[in-house]
Structure formats: structure tokens, C-alpha cells
Number of protein chains: 2
Amino acid sequence: MKQLKHVLLERLMHYYHFVVERQDAADGATVTSTQIAKLVHMDATLVRKDLAAIGVRGYPHVGFRSHEVVQAIRDALGFDEPHRAAIIGAGRLGQAIASYHGFTPYGVDIVALFDIAPQKTGLIVGRHEILPLASLARVVAEQNVSIVILTVPASAAQEVADRAVAAGVRAIWNFATTGLVVPDGVFVHHERISVGLAELSYHLKQDAS
Amino acid sequence: MKQLKHVLLERLMHYYHFVVERQDAADGATVTSTQIAKLVHMDATLVRKDLAAIGVRGYPHVGFRSHEVVQAIRDALGFDEPHRAAIIGAGRLGQAIASYHGFTPYGVDIVALFDIAPQKTGLIVGRHEILPLASLARVVAEQNVSIVILTVPASAAQEVADRAVAAGVRAIWNFATTGLVVPDGVFVHHERISVGLAELSYHLKQDAS
DNA sequence: TAGATTGTTAATCGATTAACAATC
DNA sequence: TAGATTGTTAATCGATTAACAATC
């Protein structure tokens, strides 16, 4: 399958949530492209194109089988191939994420939480004990960690990312407010929280005028 | 000015961070469209088009004055028109946001933190005391709150959003994992954290194959 | 069956890129 | 000045939408 675009991934996730939510228990439950389109405020043709792109076939006069849509999206996005993740930075955000149980349905399992501050070592957060950053390489190797969730201050982000990459991590979820430079083959998803703020600010401004 | 598109806002924020970071103290500091483009991995023409769209003029042979770029983006996005925000839901995520000081440069000031649980009332989080949800309408009115940051469980999100809208809030930053229905004129930005997860998962899958 | 819905081709639309004159 | 850079027009590219035959 050819590389899926960022915007397509975004739309697929949107469809996914909608279909999962309304999926009746019955295996035969169906959903039409029009129903999906209405919720997502798009054209039904685009929904059909997107679903065709990941190999879901619909049934004329009926629509799409909900469980087929759900499974095709899970396959396309790799949710059924489990990955282990470690959080680096046990500040409030790191702790919030460590305590959050919502990643499991997407195949991501948080197995460790690190912080550089010695006084935090050993503290328990949710199901995790805070580990010293010095043990990062060992834990990544032992537990086969492929994702690092970076919740450290911007000033430390690049250095910590370098260590994670050296340890063999292949993807970084970057919550720090700074860009990262990483070698080819390592994927970075930069969570730009300020973009959300910008949207709010902009729309309030529009309202006013 | 015509309505700016979501993707343009996103690109503008990207430029903004880059220019702010490299902005030398000198007021005369300049930056070329090529320099911005290289960082953002785009075509320089698009950068020029985007900047032209918000009214920044460059100087041939020189580039763009950094402070003009920064100010034009701030103006376009409304960062210099301050807004007051309240957080609803003093769980870990709500507390993490309440303790975060990074919103001020974008004109957003967090003035209150609410939770429905009586046993949380009165606790101090950062600079904020947790208030009972019953006082929402009063505080929104008194403090002129225009933004609500929603960090409650999905099951409570719609009901809380309704109360916020009734109280006169005009924008909602939704961190709950469920869609919201709101009247026209109220803007919702849904922070879909799982999209980030999906991207990571998808790219790890690509790597593997 | 008739009507509803898909899948696909063609048409449209908009966004990005290329080309290049204008400028300093 | 010569070379670098912008701003803008035209060309390209890709994504979305419209149209409609095929299907159940």
C-alpha cells in the first residue's frame, strides 16, 4: 500500500471514533458513507475514497459493515501490532500521561517512566515507579521499548532525545515546545499544543469582528 | 481579511516558533523565506505567499524583518487580545495545564480551575484554588471568562460543555475523547491526542516493512 | 421490483510550485 | 554594479466533488 498522508490518517481516526462509538453489538451492524460524512462534515464520496484506499469494500444498498471498517483502520494504522513506550520526564504532564489508560486500544503500552531528578527516583505514579534516567538504555533494551514519550522541558529535549535514539528507540512523541533533530529512520511526532491555542485565539478574534 | 484556513494557521505557528527562537536581540534582524522554508521543509514561495496573506512585506535582497513577521502573526492570530480561560476538571491533565505557564505569550490567562468532586474543593494547584463546579456561571461572569479548557472524562464532557455555554463561554478547548455539540457561535477545538498515537503506530509499521 | 447505495470516471477546484521581472 | 531576494503571474499538481452506471 502506498504511503498514507497525514491528513488521511487524521480523517481515518475521525471515522474510527465515530464508527466505534455507534457500533452496535451485532456483528452485522452497518454504516453508510453518508452517515459518516454527515458527522465529519465532509462529502460522502471522500469517505468512500478514503475507505477504498485502505481496502474496505462496501455493499451497494447496504453500506459498510462496521466491524470491517474498524478492523481495516486498525490494520492500516497498525493498532494490532503492540509497541512498548517509555515516558521521559515525570513532571505533571508526564505523570498525567503515565496514569492515563487510554492508549491500550491503540496498541501502545507504557512500560516505564523516567526522570533525571534523583529525589523522584522510586516514587510510584499509577502503575509505574519513577526510574533514573541513567537506566534508560538498559530498560529500552530489556523491555524492547520502541516509543519514547518526551515530557521534559524544552531545554533538555534534544539531549534526552539523543539518548533515546542512541538506546535504539524508533519513534518519539515530543511534547516539548522545541523541534528535535534526529537521524533518518527515527520518527518524531511533535505535539504542538500551542496550535490549539492559536486556533482558539484566532476564532475569538473572528467572533469579535 | 478573509478567513484563514486551519492548515495556514498551523504553518504560521510553525514559522512563528522558528522566527521567535532565532530572533537576535537586534531590531534589525532579518530572515529570508528560504531560511524559514528549509526548517519547515517547504517551498520558499509558499512561505512568501503565506506571509503576504497576513500582510507582511519583505525587502528584496534582504528578506523579512524578524520583528515584523512575529508581530504580523501575533496580530493575525490575536495573541495581543487577552482572553481569560477556566479549566474544568482538576484531574491530572487539568492540574498539569493549570500549573503550566506557557500560555501567557499567546494572550491566554488561566484564571480558575473547577472540579465537581466536593473533596477537591479548596485544594491549591499552582496559583489556583480548586472551585466547585456550581460556581462556574458566577465566575465566568465576574471574571469575563471566554475560554473553557475541558479536561473531564468523556462521559461528563457534553453536560459540562452545555453548562459552560450557558454561562456565556465562547470557545472550548476539548481534551475529552468525545465530540461535542454546541450552538452556532461557540467554537470548539478538539484536541485529538489519539491522532498522535495513530501517527506513531503507523510509522513504526512502515519502518518494519 | 424500485430505490438506495456503492465504486469509479471525469470535471472542478484549490493549493503548491515554477518562472521571472522588479528591486535594492 | 552584480547578485540575492522578493512579489506575482502562469503552470502544474493533487485533492475534492459531481455524475452516473453497477449492484443488491
Side-chain angles (χ1 to χ4, degrees), chain A residues 1-15 18-19 22-24 26-73 76 195, chain B residues 1-15 18-19 22-24 26-73 76 195:
Chain A
M1 190 185 305
K2 69 168 186 297
Q3 182 89 357
L4 303 179
K5 293 282 171 52
H6 169 84
V7 288
L8 175 53
L9 294 185
E10 219 173 289
R11 291 201 304 262
L12 288 176
M13 284 303 286
H14 210 158
Y15 306 159
F18 172 59
V19 176
R22 79 187 289 289
Q23 191 177 22
D24 320 50
D27 248 12
T30 59
V31 61
T32 67
S33 56
T34 311
Q35 289 169 328
I36 298 179
K38 187 171 292 176
L39 175 97
V40 196
H41 302 114
M42 327 192 73
D43 194 278
T45 307
L46 182 53
V47 174
R48 294 204 292 274
K49 275 256 171 74
D50 286 348
L51 293 180
I54 57 168
V56 200
R57 304 281 307 182
Y59 304 87
H61 195 237
V62 174
F64 296 82
R65 299 238 164 83
S66 297
H67 75 274
E68 289 181 3
V69 172
V70 167
Q71 193 54 52
I73 297 178
V195 171
Chain B
M1 190 185 303
K2 69 169 186 295
Q3 182 90 357
L4 304 179
K5 293 281 171 52
H6 169 84
V7 287
L8 175 54
L9 294 184
E10 219 172 291
R11 291 201 303 261
L12 288 176
M13 284 304 286
H14 210 158
Y15 305 160
F18 172 59
V19 176
R22 77 187 289 288
Q23 191 176 22
D24 320 51
D27 248 12
T30 58
V31 61
T32 68
S33 57
T34 312
Q35 289 170 328
I36 298 179
K38 187 171 293 176
L39 175 97
V40 196
H41 301 115
M42 326 192 73
D43 194 277
T45 307
L46 182 53
V47 174
R48 294 203 292 276
K49 275 256 171 72
D50 286 347
L51 294 180
I54 57 168
V56 200
R57 303 285 305 184
Y59 304 88
H61 195 236
V62 174
F64 296 82
R65 299 239 164 83
S66 297
H67 76 274
E68 289 182 3
V69 171
V70 167
Q71 193 54 52
I73 297 179
V195 171

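All chains are named by letter (A, B, ...) in the order of the sequence lines, taking the proteins before the strands, and each is independently numbered beginning at 1.
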Return the set of residues passing side chain to side chain contact (heavy atoms under 4.5 Å, CB included) with B/H6 (not counting sequence neighbours), or none when no residue passes.
A/E199, B/E10
Pairwise side-chain contact, B/M42 with B/R11, heavy-atom cut-off 4.5 Å (strictly under)
yes
Do B/F18 and B/V31 come close enough that some side-chain heavy atom pair is under 4.5 Å?
yes
Please list, for nucleotides 2-6 of chain D, all pairs of protein and nucleotide N/O atoms separated by less than 3.5 Å.
from, atom 1, to, atom 2, distance (Å)
D/dG3, N2, B/H61, NE2, 3.1
D/dT5, O4', B/H61, N, 3.4
D/dT6, OP1, B/S33, N, 2.8
D/dT6, OP1, B/S33, OG, 3.4
D/dT6, OP2, B/S33, OG, 2.7

For a stem of at least 3 consecutive Watson-Crick or G-U pairs with distances under 3.5 Å, i pairing with j, i+1 with j-1 and so on, which stems involve DNA chain D?
C:3-24 with D:3-24
Residues in salt bridge (Lys or Arg N to Asp or Glu O under 4.0 Å) with A/R48, at least two apart?
none
Quick one: side chain to side chain donor-acceptor pair (under 3.5 Å) partners of A/T34, sequence neighbours excluded?
none
Nearest 0.5 angstrom please: A/T30 OG1 to A/Y59 OH, how far?
10.5 Å
Is any side-chain heavy atom of B/L9 closer than 4.5 Å to one of A/V195?
no
pair B/V47-B/V40: side-chain heavy atoms closer than 4.5 Å:
no
Polar atom pairs between nucleotides 14-17 of chain C and protein, under 3.5 Å, N or O only, would you list them?
from, atom 1, to, atom 2, distance (Å)
C/dA15, OP1, B/K5, NZ, 2.7
C/dT16, OP1, B/R11, NH1, 3.3
C/dT17, O4, B/K49, NZ, 2.8

Without swapping roles, check the side chain of A/S66 against the backbone of A/A29 for a donor-acceptor pair under 3.5 Å.
yes
Smallest heavy-atom separation, B/I73 atom then B/L12 atom, equals CD1-O, 3.6 Å
